[in-house]
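Because only heavy atoms are used, hydrogens play no part in the values below, and waters and symmetry mates are left out as well, while side chains stay in.
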Amino acid sequence: CATPPRSSVSLAATLALLAACAPASSQAASESSLPPAATGPPEIAFVGASVTAGFRLADHDDMFSNMRARAEQVLGRELSDEEYERRTDSVAPGDVLAAVSGRSVESFGDTMLFASPERIARRVLEKGLETGADTVVGVDLMFWFGYGRVDDGGDEREERLALQRLGFDLLDELASGAPDVSFVLGDYPDLSRALPAMITPDMIPDAKTRKELNRRLAVWADERPNVSVFPISRSLDAVTRGTVRLGDGSGGRAIDLESAFQLAMVHPTRLGTAYLVRDLAKFLRGLEEPPVEIPRARDAAFLEAAGVRR
C-alpha cells in the first residue's frame, strides 16, 4: 500500500488511504471514534522541521542504511522485524490533531530546516501564515535555533543563544504582519540520547545551555500575548520516568523511551506522536484564552488517529 505524503496533505485522503490499507476484519470489528473530517479553510497551521513533517526513518533507508545495526549495538540486543518496522514509522502531528479534533489543519514541515534555520523557517512560517489560520503551531520550529553546529572557535553557549535570538527576530518580524494570529511554540527537549548517525554530540547543547534556552524562550513568550510555549521537555521527562500511559484496558499503551522514539532517538514513533498530540491538545484547552477550541477526546482516539496498531 502506498504511503501518503507527510505534509500539506488532505486529511480526508489520508484517512481514506489508511482505511483502504487496513485489514477488512479490523474495519468490521469496530467503528471509528473520530469525528468527521473538517472542510473549509485551515484553522490551524503546523510549521516546523522534521517532526512537523512526520519524519519516518523507513523513508530514508539510503541515508541511514546501517541504522538497525547501530541501534542494536546501543541496545545490546537484536531487533525483531516488528520492532524495527514500528520504530522506523511515524505520522505528522498535524494530521493526528486534525483527525481527533475535527479541525481543519495544514502542515508545513521541512526535514532540511537544520541546514539553514533562518531561510527555511521563514519559508514554512510564511506558508503557514498565508493559509489564514487563526493558530500557528511550531512544535519543533525553534529546535534548530538552539541545537545544531556552531562555530568551533567561539563560546558555544553564546553561539547557541545568538542563534536563538535569530529565531526570535524572525518570529517578531513575521508576527508583526499577523497581529490576530496565536503562536504555539514547542520548547527545547533533552535529546542527548540521540544516535550520532542522526545528531552528532557537537550539535547538542549541554544541560545548562538547554535550560537557559528554555528560560529565555519562556521570557520572550511572556512578553508577547499571542505566543504560548508548549513544554515538550516536560512531556519527554514523563516518558523518561516511565509514568506515561495512553488508554485503558487491553487497548491501552504504556510508553517508554523505546516505544516513544524511532531508532535514532530523535523523532517520535506513531505511539510517541499520539502522546505528543494528546499533551498538545490538553495544553491548548488549558490556555487562559484558547486560540482554537479543541474538543476533549479519549486516549483511544489519539491512538486511532496516529495509526497505532492494537
S.K.: Got more than 12 heavy atoms from elsewhere within 6.0 Å of CZ, R296?
M.R.: no

S.K.: Would you confirm whether N214, through its side chain, and D187, through its main-chain N or O, come within 3.5 Å as a donor-acceptor pair?
M.R.: no

S.K.: In terms of side-chain geometry, is the basic nitrogen of R309 or E82 positioned less than 4.0 Å from the acidic oxygen of its partner?
M.R.: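 Salt bridge between R309 and E82, a charged N being under 4.0 Å from a carboxylate O: no.
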
S.K.: Tell me whether N226 contacts the main-chain N or O of V181 through its side chain, where contact means a donor paired with an acceptor under 3.5 Å.
M.R.: yes

S.K.: Do E106 side-chain atoms and A45 backbone N/O form a donor-acceptor pair below 3.5 Å?
M.R.: no

S.K.: Once you measure the plane-to-plane angle for F55 and H60, does it fall in the parallel (<30°), tilted (30-60°) or perpendicular (>60°) bin?
M.R.: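 Parallel, since the angle between the ring planes stays under 30°.
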
S.K.: May I ask you to decide whether R68 forms a salt bridge with D81, counting only side-chain N to carboxylate O separations under 4.0 Å?
M.R.: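 Between D81 and R68 there is a salt bridge, with a charged N closer than 4.0 Å to a carboxylate O.
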
S.K.: Is it true that atom CD of Q73 has more than 12 heavy atoms of other residues, nucleotides or ligands lying nearer than 6.0 Å?
M.R.: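 No, because the 6.0 Å sphere around CD of Q73 holds 12 heavy atoms or fewer from other groups.
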
S.K.: Looking at every non-hydrogen atom in both residues, tell me the closest pair between V51 and P93 and how far apart they are.
M.R.: O-CD, 3.1 Å

S.K.: For R234, does the CZ atom sit with more than 12 other heavy atoms under 6.0 Å from it, leaving out its own atoms?
M.R.: no

S.K.: When rounded to the nearest 0.5 angstrom, what is the spacing between CG in D206 and CG in D190?
M.R.: 10.5 Å

S.K.: Do you know which two heavy atoms are closest between T273 and S90, and how far apart they sit?
M.R.: OG1-OG, 3.2 Å

S.K.: One thing to verify: whether D299 and R245 come together as a salt bridge, which I'm taking to mean a side-chain N less than 4.0 angstrom from a carboxylate O.
M.R.: no

S.K.: Any idea which heavy atoms bring M265 and L191 closest together, and the distance?
M.R.: O-CD2, 4.1 Å

S.K.: Please confirm whether the backbone N or O of L213 pairs with a side-chain atom of Q164, one donor and one acceptor, at under 3.5 Å?
M.R.: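 Yes; judged by distance alone, with no hydrogens or angles, the pair exists.
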
S.K.: With rounding to the nearest 0.5 Å, note down the distance linking CZ in R193 to CZ in F261.
M.R.: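 Those atoms lie 8.0 Å apart.
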
S.K.: Which atom names give the shortest non-hydrogen contact between A38 and R103, and what distance separates them?
M.R.: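 For A38 versus R103, the nearest heavy atoms are CB-C, 3.4 Å.
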
S.K.: Nearest 0.5 Å, please: how far is CZ in R224 from CZ in F168?
M.R.: 8.0 Å

S.K.: Tell me the closest heavy-atom pair linking V124 and V47, and the distance in Å.
M.R.: O-CG1, 3.3 Å

S.K.: If I take atom CD1 from residue I120 and atom OG1 from residue T111, how far apart are they, to the nearest 0.5 angstrom?
M.R.: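 Reported value, rounded in 0.5 Å steps: 8.5 Å.
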
S.K.: So, taking the atom named CG in D202 and the one named CD in E156, what distance separates them when rounded to the nearest 0.5 Å?
M.R.: 8.0 Å

S.K.: Side chains of H267 and S50: any donor to acceptor distance under 3.5 Å?
M.R.: yes

S.K.: Is the number of heavy atoms from other residues, nucleotides or ligands under 6.0 Å of R123 CZ greater than 12?
M.R.: yes

S.K.: What I want to find out is whether E212 reaches R160 closely enough, with some N-O distance under 4.0 Å, to be called a salt bridge.
M.R.: no

S.K.: Within the distance-only criterion (no hydrogens, no angle test), does the side chain of D140 pair as donor or acceptor with the backbone N or O of A49 below 3.5 angstrom?
M.R.: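 Present.
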
S.K.: Take T240 and D237 through the test side chain to side chain donor-acceptor pair (under 3.5 Å) and record every step on the way to the result.
M.R.: CA-CA 5 Å; T240 304; D237 288 345; 5.0 Å; no

S.K.: To the nearest 0.5 angstrom, please state how far the CG atom of D110 sits from the CH2 atom of W144.
M.R.: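 Going from CG on D110 over to CH2 on W144, the span is 12.5 Å.
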
S.K.: Side-chain heavy atoms nearer than 4.5 Å, only ILVMFWY residues, links allowed to pass through others: does that put V150 and L161 together?
M.R.: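 The answer is no; the residues belong to distinct hydrophobic clusters.
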
S.K.: So F143 and Y147, would you call those rings parallel, tilted or perpendicular, with 30° and 60° as cut-offs?
M.R.: parallel

S.K.: Please check if the side chain of D134 supplies one atom and the backbone of E43 the other of a donor-acceptor pair under 3.5 Å.
M.R.: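 Checked: no pair found.
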
S.K.: Work out which heavy atom in L129 is nearest to a heavy atom in A178; give both atom names and the distance.
M.R.: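 Answer, listing the atom of L129 first, then A178: CD2-CB, 3.9 Å.
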
